[in-house]
**Q** 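Structure provided below as structure tokens; questions to follow.
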Amino acid sequence: MFFKSENLIPTKNGYTFTQHITCSYLGCKDNLIAPLYKFPKNINRFHQWTGENLTACISFAGFVSTIMWLLINHSTYYKTVHSS
């Protein structure tokens, strides 16, 4: 079985930000908190959406934590605030 990527961006125009987010995750329009308690009907859509967004979020968190630790270890102000 080979991985086939799906186009998660809605094909129709005129969606609001909330509708665009839920449509890319669920495949249909819904309210903004729906992705917190609903799963898409197609599990492949869930895997692709999670894979695309999780890697970006983990990369961003790694960048922020690296900057934080550089500031803590190489700045006099942060050494007084965070005694690590």
Side-chain angles (χ1 to χ4, degrees):
M1 185 170 152
F2 294 104
F3 177 75
K4 290 189 240 177
S5 64
E6 296 180 28
N7 186 9
L8 298 178
I9 298 173
T11 56
K12 296 180 182 175
N13 293 333
Y15 284 163
T16 62
F17 177 74
T18 303
Q19 293 170 342
H20 181 79
I21 294 298
T22 56
C23 191
S24 67
Y25 177 69
L26 297 172
C28 60
K29 290 193 244 182
D30 212 334
N31 58 7
L32 187 58
I33 60 171
L36 298 176
Y37 63 88
K38 289 184 180 178
F39 283 105
K41 292 180 183 175
N42 185 357
I43 195 68
N44 292 332
R45 184 178 198 86
F46 172 74
H47 286 287
Q48 185 173 353
W49 188 88
T50 306
E52 289 177 0
N53 291 313
L54 193 62
T55 54
C57 291
I58 289 174
S59 298
F60 178 73
F63 177 73
V64 168
S65 64
T66 300
I67 296 298
M68 179 189 75
W69 281 109
L70 286 173
L71 286 173
I72 289 172
N73 291 326
H74 299 291
S75 173
T76 57
Y77 171 74
Y78 283 104
K79 281 187 180 181
T80 60
V81 174
H82 299 283
S83 58
S84 57

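Position 1 is the first residue of the sequence; numbering continues from there.
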**Q** Would you give me the side-chain donor-acceptor pairs under 3.5 Å for residues 30-38, sequence neighbours excluded?
**A**
{"residue": "Asp30", "atom": "OD2", "partner": "Lys38", "partner atom": "NZ", "Å": "2.5"}
{"residue": "Asn31", "atom": "OD1", "partner": "Ala34", "partner atom": "N", "Å": "3.2"}

**Q** Other members of the hydrophobic cluster containing Leu70, with the 4.5 Å side-chain heavy-atom rule, please.
**A** none
**Q** About how many Å separate CG of Leu26 and NZ of Lys41, when rounded to the nearest 0.5 Å?
**A**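 Rounded to the nearest 0.5 Å, the NZ-CG separation comes to 9.5 Å.
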**Q** How far does CG of Leu71 sit from OH of Tyr77, to the nearest 0.5 angstrom?
**A**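 The distance works out to 11.5 Å.
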**Q** Give me each pair satisfying salt bridge (charged side-chain N to carboxylate O under 4.0 Å, His left out) with a member in residues 65-77, each pair once, sequence neighbours excluded.
**A** none
**Q** Filter on salt bridge (charged side-chain N to carboxylate O under 4.0 Å, His left out), then keep only pairs touching residues 60-77, sequence neighbours left out; what's left?
**A**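 Counting only pairs at least two positions apart or across chains, no salt bridge (charged side-chain N to carboxylate O under 4.0 Å, His left out) contact touches residues 60-77.
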**Q** Which atom pairs, donor and acceptor, lie under 3.5 Å between side-chain atoms of residues 51-60 and protein residues at least two apart or in another chain?
**A**
{"residue": "Glu52", "atom": "OE2", "partner": "Gln48", "partner atom": "NE2", "Å": "3.2"}
{"residue": "Asn53", "atom": "ND2", "partner": "Trp49", "partner atom": "O", "Å": "3.1"}
{"residue": "Thr55", "atom": "OG1", "partner": "Gly51", "partner atom": "O", "Å": "3.0"}
{"residue": "Thr55", "atom": "OG1", "partner": "Glu52", "partner atom": "O", "Å": "3.2"}
{"residue": "Ser59", "atom": "OG", "partner": "Thr55", "partner atom": "O", "Å": "2.9"}

**Q** Might you work through the side-chain contact (heavy atoms from CB on, under 4.5 Å) test for Trp69 and Ile72, ending with a clear yes or no?
**A** CA-CA 5 Å; Trp69 281 109; Ile72 289 172; 4.1 Å; yes
**Q** With rounding to the nearest 0.5 angstrom, report the CG to CZ distance, Asn44 to Phe46.
**A**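 The CZ atom of Phe46 is 11.5 Å from CG of Asn44, to the nearest 0.5 Å.
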**Q** Tell me the closest heavy-atom pair linking Arg45 and Pro40, and the distance in Å.
**A** CD-CB, 4.2 Å
**Q** Would you say the side-chain atoms of Ser65 pair up with the backbone N or O of Gly62, donor to acceptor, closer than 3.5 Å?
**A** yes
**Q** Mind listing the closest non-hydrogen atom pair of Thr22 and Gln19 along with its distance?
**A**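 Smallest heavy-atom distance, with atoms named: OG1-O, 3.2 Å.
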**Q** Just to verify, what does Ile21 make a side-chain contact (heavy atoms from CB on, under 4.5 Å) with, not counting sequence neighbours?
**A**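 Partners of Ile21 under the side-chain contact (heavy atoms from CB on, under 4.5 Å) test: Phe17.
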